[in-house]
Every structure is written in C-alpha cells, then in structure tokens.
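To start, the structure under review is shown below, and the notes come after it.
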Amino acid sequence: MRSVKAYIWPAVEDGDHLRAAQLRIIGVIALTVVVCGGLAGALSFMANYDRFPPQAWTGLITPLMFGGLPALARSRLSLKTTGLLTVSFLYIVLTGQAASMGGMAFPIVIYLPGIPILAAFLVGPRASLAFAGLVAASMGSLFVFRDWVPTPADWDINYYLLGWITVTLILLTIAASLVCAIFAHQMAAAGAALEDARRKSDAANDAKTAFLANISHEIRTPMNAMLGMAQALQQDQLASSQRDKVDTMTRSGDVLLRLVNEVLDMARIEAGRLEIVPQEFRLTDTVAMLEGLFAGQALEKGLNFSIRLTGEGERVFVGDPVRIGQILANLTANAIKFTHA
C-alpha cells in the first residue's frame with residue numbers, strides 16, 4: 001500500500017516542491033483515469049463489442065494505460081516531452097473513437113474537456129490554450145459533420161439536445177483551459193521565484209564562506225606568528241611570573257586559533273562543503289595536543305587532568321585527525337567548563 005501511495009503521491013526530492021507538485025497532479029490524474037475511465041471502458045466494451053470491436057477494445061485498454069503515466073513522468077524524458085506525448089495520444093484516441101462511432105453522441109466525448117487541463121499541468125499554459133482550441137474545433141466538427149459519422153441504427157439521438165451539449169462542452173473546455181492556464185502560469189512563476197531565491201541564498205552562503213575563509217586566514221597568520229614568538233619565549237630563561245604570563249598567552253592563543261577554525265568549519269557545514277580528509281594517523285599524536293591546550297585550564301580550576309591510552313592507542317588508524325582532534329577538544333573543553341570539583 002505504501003508503494004502505491006509513493007507511486008501516486010511521491011515525496012519531495014532535492015527540495016524541488018514544484019516538480020513534486022507536478023508529479024502528484026500526474027499521479028492523481030492517472031488514478032482518476034484508470035478508475036473512472038476503466039469502469040466506463042468496461043461498460044462500453046460490454047455494450048459495443050459485438051458491433052464495434054476495435055473501438056470497444058480501445059476504450060477498455062486506453063484508460064488502463066494511464067497507470068504507467070507517473071512512471072513515464074519520472075523517466076529520463078523531460079516532463080514537458082512526456083506531457084506532450086501523453087496529451088497528444090489521449091486526444092488522438094478520444095477523437096478517433098468519437099469520429100468512428102457516434103460522434104458527439106458517444107459518451108467518450110465527456111473526457112475531451114480534460115485534455116487542456118492535463119496539458120496545462122504537464123506541458124504548460126500555451127499548450128493548454130492550443131489544445132483547448134483544437135478540442136473545441138474537433139467537437140464542433142463532430143457535430144456539424146454528424147451525418148458522416150457512423151452511428152448505430154438503434155441509437156435514438158435528439159440532435160437539438162446534442163447541439164446544446166456540444167456548445168456546453170465547448171464552453172466548458174475553453175473556460176477550464178483558461179483557468180488552468182492561469183494557474184499553471186502562476187505556479188511556474190512561483191517555481192521560478194523559488195529557484196531564484198535559492199540561487200541568491202546559495203550565492204550569499206558562498207560569499208559568507210569566502211569572507212570567513214579570508215578573514216580567518218588573515219587572523220590565523222598573525223596568530224601563528226604570535227604563538228611562535230610565545231613558544232620561543234618559553235625556551236628562554238624566564239622568571240616564574242613571566243613564564244606564567246607566556247604560558248597564559250600561549251594557551252589563550254591556542255584557544256582563539258581553535259575558535260577561528262571552528263567558525264570557518266561551521267560556515268563550511270552550512271554551505272555543505274565541509275571536507276573530510278582521510279589519512280593514516282596515530283591517536284597518541286592527536287590527543288597529545290589536548291594536554292597542551294587544556295592542562296593549564298584544568299589546573300586553574302583545581303581539576304586533575306591526565307591522558308591515558310592503552311596499547312590500542314598506539315595503533316595507526318585511518319581518518320581525519322584534524323576533525324577528530326576538534327571533536328576531542330570540544331568534549332574536553334565542555335568537561336572542564338562544567339566540572340567544578
């Protein structure tokens with residue numbers, strides 16, 4: 001049952017709501033034609049098979065063929081190409097049946113006003129108006145040239161009433177095509193506006209990512225220089241108070257540099273461009289930096305901080321050591337922040 005629902009009412013893919021709406025309209029139309037048209041075709045088949053076997057078979061099979069319309073719409077063919085082929089086929093079959101048996105008196109003509117509606121959603125507004133004109137002309141011709149259309153002898157036809165039915169169906173066809181053409185045009189305009197908004201949003205994200213990348217590079221360059229000088233100072237003979245100050249500068253610089261990298265990574269995540277670079281690494285090397293970053297912070301809060309690795313930690317792993325290091329650093333920073341004793 002779920003597969004049937006997904007076939008008739010597909011989910012939105014890649015955020016393309018317009019295409020999903022079109023496919024759903026196609027699915028509902030296909031289901032309606034299969035059920036209603038199949039029932040009407042079966043009744044017509046039983047009533048007319050003896051006298052008009054080709055038309056009876058055509059009327060029975062044609063509605064059932066529309067069950068494959070949703071699959072055709074999802075094929076490699078474009079939606080407009082699929083729609084044009086479908087609507088043209090439907091027009092030829094319906095008018096062909098009416099022209100070969102009964103004309104406007106044949107009940108199958110009630111499906112003709114639906115052709116421009118189908119064209120509006122499958123092909124476009126212009127196609128809807130074009131098929132409306134074609135259908136209206138066909139219905140008018142079927143009535144005007146009714147004497148040339150084969151009609152069963154036992155049919156009792158009131159041509160005065162049939163004339164009013166013809167006029168009504170023509171007006172219905174034109175009105176339905178206008179309404180659906182306007183709706184399809186507005187739907188296409190809305191889809192174009194959404195696509196334009198998406199492009200602008202992507203461009204804004206690209207600009208933000210580029211800005212953050214540039215500014216983070218500009219910040220990291222002097223930060224690395226400052227950290228290098230601080231590390232060089234740590235190698236000199238310093239007084240205890242001076243060494244504490246240099247150590248604080250080093251830790252603060254490391255934290256600030258890490259924050260800059262995280263801001264840049266967040267921008268890349270939002271843009272869907274965060275890159276994972278797998279490579280061989282040792283876990284001991286990755287976690288060793290945690291002691292340098294956080295041991296001082298833990299000591300200032302009176303916390304014990306130590307790193308213990310089993311023999312498994314000496315193994316060579318394959319992954320992204322930079323990202324794994326960031327995860328471990330975030331976990332450690334939160335642990336120190338929220339641990340009070």
Side-chain angles (χ1 to χ4, degrees), residues 18-19 21-37 40-41 44 55 58-59 62-63 65-66 68-70 72-73 77-146 148-149 159-192:
L18 179 60
R19 178 170 175 79
Q22 290 175 314
L23 292 175
R24 288 171 180 177
I25 290 171
I26 293 171
V28 171
I29 291 174
L31 180 63
T32 304
V33 172
V34 168
V35 175
C36 298
S44 176
Q55 292 88 338
T58 303
T62 300
M65 293 176 61
F66 274 77
L69 184 59
L72 186 62
L77 293 175
S78 68
L79 197 59
K80 287 188 176 181
T81 302
T82 302
L84 185 60
L85 292 174
T86 302
V87 175
S88 300
F89 171 75
L90 185 60
Y91 167 77
I92 292 172
V93 170
L94 294 180
T95 53
Q97 281 193 284
S100 62
M101 186 179 67
M104 290 302 295
F106 191 27
I108 201 171
V109 297
I110 64 173
Y111 295 113
L112 289 175
I115 291 178
I117 298 175
L118 197 60
F121 295 111
L122 295 184
V123 187
R126 294 181 180 178
S128 176
L129 297 176
F131 274 101
L134 185 61
V135 169
S138 300
M139 289 191 292
S141 299
L142 288 173
F143 179 76
V144 171
F145 300 104
R146 57 186 177 274
W148 295 2
V149 177
Y159 286 104
Y160 177 78
L161 179 60
L162 188 62
W164 278 109
I165 293 175
T166 302
V167 172
T168 302
L169 287 177
I170 290 174
L171 294 177
L172 176 63
T173 300
I174 295 173
S177 66
L178 287 173
V179 171
C180 291
I182 293 172
F183 181 77
H185 176 73
Q186 292 179 342
M187 190 168 67

Which value, rounded to the nearest 0.5 Å, describes the distance between M187 atom CE and C180 atom SG? 10.0 Å
Hey, are the side chains of L112 and L169 touching, using non-hydrogen atoms and a 4.5 Å cut-off? no
Under the side chain to side chain donor-acceptor pair (under 3.5 Å) rule, what pairs show up with a residue in residues 135-146, not counting sequence neighbours? Y91-S138
Distance-only criterion, 3.5 Å: show the donor-acceptor pairs between side-chain atoms of residues 103-111 and protein atoms not counting sequence neighbours.
none

Under the side chain to side chain donor-acceptor pair (under 3.5 Å) rule, what pairs show up with a residue in residues 160-177, not counting sequence neighbours? Y160-W164
Identify the two heavy atoms, one from A119 and one from F131, that lie closest to each other, and give their separation to 0.1 Å. CB-CD1, 3.9 Å
Examine distances only and state if a side-chain atom of S88 and a backbone atom of L85 form a donor-acceptor pair shorter than 3.5 Å. no
For F89, which residues count as a ring pair (Phe, Tyr, Trp, His ring centres under 6.0 Å) partner, sequence neighbours excluded? none
For G83 versus V123, what's the shortest heavy-atom pair and its separation? C-CG2, 3.6 Å
M139 side, atom CE; L134 side, atom CG - distance, nearest 0.5 Å: 10.0 Å
Point-to-point distance, once rounded to the nearest 0.5 Å, from CD1 of I165 to OH of Y159: 12.5 Å
Closest heavy-atom pair, A99 versus V149, reported as atoms and distance to 0.1 Å, is O-CG1, 3.6 Å
Pairs under 3.5 angstrom only: tabulate donor-acceptor contacts from the side chains of residues 23-37 to other protein residues two or more places apart or in another chain.
residue: R24; atom: NE; partner: P10; partner atom: O; Å: 2.9
residue: R24; atom: NH2; partner: P10; partner atom: O; Å: 3.1
residue: T32; atom: OG1; partner: V28; partner atom: O; Å: 2.8

Under the side-chain contact (heavy atoms from CB on, under 4.5 Å) test, residues paired with L178 that sit two or more places apart: L129, I174
Nearest heavy-atom contact between A181 and A120 is N-CB, 4.3 Å
Report the distance from atom OG1 of T86 to atom CD1 of I115, rounding to the nearest 0.5 Å. 11.5 Å
